[in-house]
Amino acid sequence: MTLQNIDGPIRKDAEAMLDVITKFSMEVMRPAGIELDRMASPKDVIASGSVLWEVHKKFRELGLHTLQIPESLGGMGGQIDPVAAIQIYEQMGYADAGLTISLSASARTFHLAALFSNPDIQQLARDFCEDREGKMIGCWAITEPDHGTDWGMGNAIPECGPSVRAVLKGNEYILNGEKSAWVSNGTIATHATLHVGLEPGRGMQGHGLAILPLDLPGITRGKPLDKMGQRPLNQGGIFFEDVVLPKKYMVVPSPDFLNTRAGQGLAAVNGGMAIVFAGLARAAFDEAFRYSKERIQGGVPIFEHANIKQKLMKMFAQTEAARAAARQMALYNWKNPSSPSVTHAVAAKCFSTQTAFDVASDAIQILGGYGLAKEYPVEKMFRDARTSMIEDGCNDALAIKAAEYL
Ligand SMILES: Cc1cc2nc3c(=O)[nH]c(=O)nc-3n(C[C@H](O)[C@H](O)[C@H](O)COP(=O)(O)OP(=O)(O)OC[C@H]3O[C@@H](n4cnc5c(N)ncnc54)[C@H](O)[C@@H]3O)c2cc1C
């Protein structure tokens, strides 16, 4: 790492863990991300023998998937120094943002499962902690072909209701509808956190939440999505046709409960994005800085030219501002899980992702023609960063929503 670490001391055990993660991120994630990014088809990314599975398996072997699951269910929850947890996710974003999202999305469903008292649902969290091979993979399925930003806006008008509907019949729900091709891990997930319409008359606010296995009869998948950035991140649609869902899987059967917690969800998801993409900004800065010391033009390293120094200092300031805002927000929200600051989380997400994009773009400029070549990592970082400005909510629409919490 080129940038000086000004976080202050972290616990010794956390320091050791951070060393392990740094090694994993740079020796496993970074090269795997580059290999997966260059694959011609997104089908190759998830083919058996793909390096993607090695990344998931090694992540599990390190036990990192249990970071946010309580000890009573076999996880590491509560033990980790929060500053170290932030540094871990930032370092993973530094190595490969798309893979970081795949790994964290694979765990989020089971973190959530741990919060419910229903023993069958909690058992999922327990089984996930024990899974060291990457057999259980989660996804968060909310976006639908006709409803993207609509979900974040929470429109209450009946014409704007979720397309995936659940109708209660006795002790079972019948599910029908489609989740869009944007679901991260959509074609490889074994389990999902699924947002479903329960009361269509209430628009997007009439929804409930299910945590369910995706091998139930009537569930099928779309083809893996081919996209510009974060190509190592598998994405794809999930289809539901007369799926019989036992009632126990509908963990939130009341829209009111979810509506009062919408801010918590937004803060959690956007908070994570802020940290990961501050990491990507740091990675792009480091590449540009390193290159500026090596590339000779005009008889000197280009670092000696005033315009390059100025650009690097601007990139440095932007990156450090993103990292600082993400850290302060994450520490506050970590300590206040039931009343997190939504505005800080959304502001930090928008700022980090915009910064990652701007810094990666300036990094390309500093590398000149080589910045555009696949031989150097900044071209991929630029594409990955651009993607993040839409991921987990378009930045412009997120700002409109978050302003309500000011
Ligand atoms: C890399 C990546 C990973 C993702 N992972 C997941 C995932 O795991 N699970 C999942 O369910 N989804 C996921 N998504 C989907 C993502 O959440 C949506 O793409 C996003 O919410 C935007 O929805 P949309 O693409 O349908 O755009 P739209 O909602 O169609 O928006 C198009 C444009 O219109 C603007 N707009 C729309 N409505 C309004 C409004 N009311 N006010 C003002 N402006 C508006 C938007 O800002 C945007 O510029 C992912 C997306 C990406 C790119």
Side-chain angles (χ1 to χ4, degrees), residues 33 36-37 42 45 93 96-112 137-157 159-160 162-164 177-189 191-197 203-205 207 209-211 214 221-222 224-240 262 265-266 268-270 272-273 276-277 280 346 349-350 352-354 356-357 380-404:
L36 295 166
D37 179 69
V45 169
D96 192 279
L99 281 176
T100 305
I101 301 300
S102 179
L103 294 170
S104 55
S106 77
R108 196 184 297 156
T109 289
F110 305 101
H111 296 167
L112 200 62
I137 292 183
C139 70
W140 176 56
I142 180 164
T143 306
E144 299 171 344
D146 293 337
H147 300 294
T149 305
D150 282 349
W151 280 104
M153 291 298 178
N155 294 322
I157 46 173
E159 304 79 60
C160 182
S163 322
V164 174
E178 176 183 346
K179 289 294 174 186
S180 86
W182 289 105
V183 176
S184 298
N185 293 338
T187 80
I188 59 172
H191 294 77
T193 305
L194 179 73
H195 289 253
V196 290
M204 302 313 284
Q205 292 194 4
H207 65 143
L209 198 69
I211 291 181
L214 290 173
R221 316 297 175 96
L225 180 78
D226 202 357
K227 63 186 190 294
M228 174 180 127
Q230 297 182 37
R231 290 174 63 80
L233 169 66
N234 164 263
Q235 292 183 281
I238 309 178
F239 307 97
F240 302 85
L266 194 57
V269 170
N270 273 219
M273 288 285 291
V276 171
F277 287 91
L280 194 157
V346 173
K349 185 268 178 175
C350 295
S352 267
T353 53
Q354 183 69 49
F357 176 71
K380 173 179 179 296
M381 289 172 186
F382 178 74
R383 287 184 284 111
D384 289 349
R386 183 62 189 87
T387 306
S388 69
M389 292 154 80
I390 292 166
E391 189 169 13
D392 282 341
C394 296
N395 285 2
D396 42 353
L398 278 174
I400 295 172
K401 184 66 191 171
E404 289 170 15

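Whatever order the structure lists them in is the order used to number ligands and atoms, beginning at 1.
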Chemist: Under 4.0 Å from atom 35 (C) of ligand 1, do we find at least one protein heavy atom?
Modeler: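 It does not; no protein heavy atom is within 4.0 Å.
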
Chemist: Without hydrogens or angle criteria, can the side chains of Ser106 and Asn185 be said to hold a donor-acceptor pair below 3.5 Å?
Modeler: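 Ser106 vs Asn185: no donor-acceptor pair found between side chains.
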
Chemist: Would you confirm whether any non-hydrogen atom of the protein falls under 4.0 Å from atom 31 (O) of ligand 1?
Modeler: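 So atom 31 (O) of ligand 1 has protein heavy-atom neighbours under 4.0 Å.
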
Chemist: What orientation do His207 and Trp151 show, parallel under 30°, tilted 30 to 60°, or perpendicular over 60°?
Modeler: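 Tilted: the ring planes of His207 and Trp151 meet at 30° to 60°.
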
Chemist: Ligand 1 and Gln230, any nitrogen or oxygen pair closer than 3.5 angstrom?
Modeler: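 N/O-N/O distance below 3.5 Å does not exist for this pair.
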
Chemist: Suppose I only count heavy atoms of Ile400 and a 4.0 Å limit; which atoms of ligand 1 are within that range?
Modeler: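 Close to Ile400: 43 (C).
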
Chemist: For atom 26 (O) of ligand 1, what is the closest protein heavy atom, and at what distance to 0.1 Å?
Modeler: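 The protein heavy atom lying closest is Gly148 CA, 3.3 Å.
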
Chemist: Tell me, which protein residue and heavy-atom name are nearest atom 10 (C) of ligand 1, and how many Å apart are they?
Modeler: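 Its nearest protein heavy-atom neighbour is Thr143 OG1, 3.3 Å.
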
Chemist: Donor-acceptor pair, distance only, cut-off 3.5 Å: does the side chain of Lys349 make one with the backbone of Ser388?
Modeler: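 Indeed, once roles are kept as given, a pair shorter than 3.5 Å links the two residues.
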
Chemist: Please check atom 6 (C) of ligand 1 for a protein heavy-atom neighbour under 4.0 Å.
Modeler: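 Within 4.0 Å: yes, protein heavy atom nearby.
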
Chemist: Polar contacts were defined as any N/O atom of the residue lying under 3.5 Å from an N/O atom of the ligand; does this apply to Met153 and ligand 1?
Modeler: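 No, Met153 has no N/O under 3.5 Å of an N/O on ligand 1.
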
Chemist: So which protein heavy atom does atom 44 (N) of ligand 1 come closest to, and at what separation?
Modeler: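 That would be Ala397 CB, 4.3 Å.
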
Chemist: For atom 25 (O) of ligand 1, which protein heavy atom lies nearest, and how many Å away is it?
Modeler: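 It is Ile390 CG2, 4.5 Å.
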
Chemist: Run the contact test for Ala105 against ligand 1 with a 4.0 Å cut-off on heavy atoms, strictly below, and give the result.
Modeler: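 No, Ala105 has no heavy atom closer than 4.0 Å to ligand 1.
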
Chemist: So if I apply the side chain to side chain donor-acceptor pair (under 3.5 Å) rule between Gln230 and each of Glu391, Arg386, Gln235, Lys380, which one comes out positive?
Modeler: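 Looking at Glu391, Arg386, Gln235, Lys380, the match for Gln230 under the side chain to side chain donor-acceptor pair (under 3.5 Å) is Glu391.
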
Chemist: Can you check whether Trp182 has an N/O within less than 3.5 Å of an N/O in ligand 1?
Modeler: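 Right, the criterion is met.
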
Chemist: Relative to the heavy atoms of Gly393, which atoms of ligand 1 are at a distance of less than 4.0 Å?
Modeler: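 Near Gly393, meaning under 4.0 Å from one of its heavy atoms, ligand 1 has 17 (O), 21 (O).
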
Chemist: Among all protein non-hydrogen atoms, which one is nearest to atom 4 (C) of ligand 1, and what is the separation to 0.1 Å?
Modeler: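 So the nearest neighbour among protein heavy atoms is Gln235 NE2, 3.2 Å.
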
Chemist: Looking only at N/O atoms, are Ser184 and ligand 1 under 3.5 Å apart anywhere?
Modeler: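 There is such a contact, yes.
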
Chemist: Between Thr149 and ligand 1, is there a nitrogen or oxygen pair with a distance under 3.5 Å?
Modeler: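 Yes.
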
Chemist: Name the closest protein heavy atom to atom 33 (C) of ligand 1, giving the residue it belongs to and the distance to 0.1 Å.
Modeler: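 Here the nearest protein heavy atom works out to Cys394 SG, 4.8 Å.
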
Chemist: Checking contacts here: is it the side chain or the backbone of Lys179 that comes within 4.0 Å of ligand 1, counting heavy atoms only? Could be both or neither.
Modeler: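 No part of Lys179 is near ligand 1 at this cut-off.
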
Chemist: Identify whether the distance between the nearest side-chain nitrogen and carboxylate oxygen of Arg231 and Asp384 falls below 4.0 Å.
Modeler: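 The answer is no: the pair does not qualify as a salt bridge.
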
Chemist: Got the closest protein heavy atom to atom 47 (O) of ligand 1, with its distance?
Modeler: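 The protein heavy atom lying closest is Asp396 OD1, 2.9 Å.
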
Chemist: Are any of the N/O atoms on Trp140, whether in the backbone or the side chain, positioned under 3.5 angstrom from an N/O atom of ligand 1?
Modeler: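 Yes - when backbone and side-chain N and O of Trp140 are compared with those of ligand 1, one distance drops under 3.5 Å.
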
Chemist: Flag atom 42 (N) of ligand 1 as yes if some protein heavy-atom distance to it falls below 4.0 Å, otherwise no.
Modeler: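 It does: a protein heavy atom is found less than 4.0 Å away from atom 42 (N) of ligand 1.
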
